[in-house]
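Below: one structure, written as structure tokens.
A, B, ... follow the sequence lines: proteins, then strands. Residue 1 opens every chain. Keep in mind that this is a model prediction, so the values were computed, not measured.
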Amino acid sequence: MARILITSAIPYINGIKHLGNLVGSQLPADLYARFCRARGDEVMFICATDEHGTPAELAAAKAGKPVAEYCAEMHEVQKGLSEGFRLSFDKFGRSSSPQNHALTQYFAGRLADNGYIEEVTEKQVYSNADGRFLPDRYIEGTCPNCGYDKARGDQCENCTKQLDPTDLIDPRSAISGSTDLEVRETKHLYLRQSALKDRLDAWIDEKSDWPVLTTSIAKKWLHDGDGLQDRGITRDLDWGVPVKKGDADWPGMEGKVFYVWFDAPIEYIAATKEWSDEKGLDDDAWQRWWRTDKGAEDVRYVQFMGKDNVPFHTLSFPATIIGSGDPWKLVDYIKSFNYLNYDGGQFSTSQGRGVFMDQALDILPADYWRWWLLSHAPENSDSEFTWENFQASVNKDLADVLGNFVSRVTKFCRSKFGETVPEGGETGPREEALIADLSKRLDAYQAHMEAIDVRKASSELRAMWAAGNEYLQEAAPWSVFKEDEAAAAAIIRLSLNLIRLYGVLSAPFIPDASAEMLKAMGAEDAAWPKDIASALDALPAGQAFTVPENLFRKISDDEREDWQSRFSGVRT
RNA sequence: GGGCCUGUAGCUCAAUUGGUUAGAGCAGAGCGCUCAUAACGCUUUGGUUGGGGGUUCAAGUCCCUCCGGGCCUACCA
């Protein structure tokens, strides 16, 4: 039994995530976690909310709430939506947890002990009106290069020129609009990633099986220009993990917090501790997942994320772990995703463009979304959500191919044999051919799931559903029944067993519908099949079943048009 | 500016890493079935693989070039 540690990139706290965020990390991570569990692996599946940083403070201020209260509320909202989408986290933690505070401070202390922290005094813009330092992008002004009057302090969006905030003409705070700005000196800690560059480079070189998207981004950062740069890991903010060296104060760093990208990945570890603390377990319980000296040697650690997160997971976080000098578990495989676009443009949290998790669940159950998103996951390039495509895929794949199969088999049986698995008759060459076909497809399905080839896995699963319809059409029990009831019984008994098998195999993609199939078949055995032949023998003759409600309803043209227009504008 | 990814049938995607006649699903057309959510099955139309050039016995795959789409470029996270 393998042990698999799975983490999904942790969603930022400042609002409800859209479907693009979902399919880029949490959903495929859940697919993989469910698959591994079904196969009998021991799985630890971790996610959390990423709660620190300037955007959280601003979102809280906008909502008129203290930031801690705002984050607590938004965490519950996001947690509820995760449950709505059936994301099977073992722990959905919070980066603001005491566990993460302690662990982040611990890591900083270890890095300092090992000489990987440098103190740098630099100049930053301070806004007197806002009472805070402003990150570069929160300073606006006129671009010295092109004259654009809404250029940001890091870059002009109009002419794309890289800027320093002090380059701006007539700079003002993007938060308040105040021009009462001054440049102040402030001291910050830098993680000396450059000193770990060669080790990171060699480590990435080993990962020839990683997606190109993952390694090419890492390589770019390692080799571009002067190579991997040191990174500031502290900020002049109130909301975050206070800068400490382990348990000890850090002279000169009073009132500062760690940068959100320093503490966020550490939350993967801290959330596992949150999990064990909550269960009243001792430290061994979480350390056996994370410490190679405490049993994590045989753990396979897989991360899921959108491409924008790749540099932090391939470089900064590994630098933190390696630099600590402790035997922490490094990631074994990074599955990264491109972006999902929405109907000709980008999903946008800030502009409220697209479909958001809460809206999606208001419209349709989770399985509909899970199936479409996973079967169209942006693995090789950016992909696009359109309502036409969504309607067509869901209606065809779920309602027609799978749902209707369940319906036609159970209803036929009820009318001819009653609501028990019929006995009598024998299987023949046609059934052997079906078993051979399904066996081949099961192998392919498992291979794709093991490789986390999401789209390929989904099409193989769909092909197994379609094989049921092909078999039924050819076997034609409605005709056979007129001549030979026992022969028809054998066909239907096998078909009912197919429903049970689909319930087992489809669960990683569509857990609710799978549960319905298994419940309707009265299946006690929901174990992952070892071979198709015996799996199709699991339901014995005489076993009672029920005819389920239609598993999936169809999306009508009217609904599609309604949703199309409802979500075309800006979210209010 | 630099780097990376990408362009294959009307649409969404494959193609065992250079190997025979480029394949699936959807949509379209025809036929069949009547158990079923007007569902299902079978057959079938459809491609100068973005354009051009090159390497090779052999190119969707490698090289050059042009055109289009996207992402990243380190203080948003």
Checking base pairs now: Watson-Crick or wobble, both atom distances under 3.5 Å. What partners [N]?
{"N": "G28(B)", "answer": "U44(B)"}
{"N": "G1(B)", "answer": "U73(B)"}
{"N": "C35(B)", "answer": "none"}
{"N": "G7(B)", "answer": "C67(B)"}
{"N": "U49(B)", "answer": "none"}

Using OP1 and OP2 only, check whether a side-chain N or O of [X] sits under 4.0 Å from [N].
{"X": "R462(A)", "N": "C26(B)", "result": "yes"}
{"X": "K307(A)", "N": "A77(B)", "result": "no"}
{"X": "Y471(A)", "N": "C40(B)", "result": "no"}

Sticking with atom [atom1], work out how far [N] lies from [M], rounded to a whole angstrom.
{"N": "G47(B)", "M": "U8(B)", "atom1": "P", "result": "15 Å"}
{"N": "G60(B)", "M": "U12(B)", "atom1": "P", "result": "22 Å"}
{"N": "C66(B)", "M": "G25(B)", "atom1": "C1'", "result": "34 Å"}
{"N": "C5(B)", "M": "G52(B)", "atom1": "P", "result": "24 Å"}
{"N": "A36(B)", "M": "G41(B)", "atom1": "C1'", "result": "13 Å"}

Practice item. Would you check if there is a donor-acceptor pair between the side chains of E51(A) and S96(A) at a distance under 3.5 Å? Key: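 Result is yes, a qualifying pair exists.
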
Point to revise | Side-chain donor-acceptor contact under 3.5 Å, S506(A) with W465(A) | key: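 Judged by distance alone, the side chains do pair up.
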
**Study point:** Salt bridge present between R132(A) and D238(A) (N-O < 4.0 angstrom)
**Key:**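 No, this pair does not count.
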
Check your understanding: Are R553(A) and E559(A) ion-paired here, with the side-chain N under 4.0 Å from a carboxylate O?
Key ->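 Counted as a salt bridge, because a side-chain N and a carboxylate O are separated by less than 4.0 Å.
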
Check your understanding: Taking the six-membered ring for Trp, are F390(A) and W369(A) parallel (under 30°), tilted (30 to 60°) or perpendicular (over 60°)?
Key ->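 Geometry flag for W369(A) against F390(A): parallel rings.
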
Point to revise | Quiz item: cation-pi between K335(A) and F304(A), 6.0 Å / 45° | key: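 Judged by the rule (NZ or CZ under 6.0 Å from the ring centre, within 45° of its axis), K335(A) is not positioned above F304(A).
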
Exercise for review: Please determine if K307(A) forms a cation-pi arrangement with F337(A), meaning its NZ or CZ atom is less than 6.0 Å from the six-membered ring centre and no more than 45° off the ring axis.
Suggested key: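 So K307(A) doesn't make the cation-pi contact.
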
Practice item. Figure out the CH2/P separation between W372(A) and C13(B), and round it to whole Å. Key: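 So the two atoms are 9 Å apart, to the nearest Å.
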
Practice item. May I have the distance from D230(A) (atom CG) to A74(B) (atom P), rounded to whole angstrom? Key: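 From D230(A) CG to A74(B) P: 15 Å.
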
Point to revise | N/O donor-acceptor pair under 3.5 Å between S173(A) side chain and I175(A) backbone | key: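 Side chain of S173(A) to backbone of I175(A): a pair is present.
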
Quick one: which protein N/O atoms are closer than 3.5 Å to N/O atoms of nucleotides 3-9 of chain B? Pair and distance per line, please.
| residue | atom | partner | partner atom | Å |
| --- | --- | --- | --- | --- |
| C4(B) | O2' | S216(A) | OG | 3.3 |

Check your understanding: Pick the nucleotide of RNA chain B nearest each of G227(A) and F312(A); which residue has the one closer to the 5' end?
Key ->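 Result: G227(A).
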
**Study point:** 5'-most by nearest nucleotide on RNA chain B - A466(A) or R455(A)
**Key:**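 So the residue in question is R455(A).
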
Practice item. Assign a letter to each nucleotide of nucleotides 27-35 of chain B from its 5' end: B, base within under 4.0 Å of a protein heavy atom; S, sugar-phosphate only; -, no contact. Key: -----BSSB

Check your understanding: Out of V421(A), T410(A), L501(A), L498(A), which one pairs with M521(A) under the side-chain contact (heavy atoms from CB on, under 4.5 Å) rule?
Key ->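 Exactly one candidate clears the test, T410(A).
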
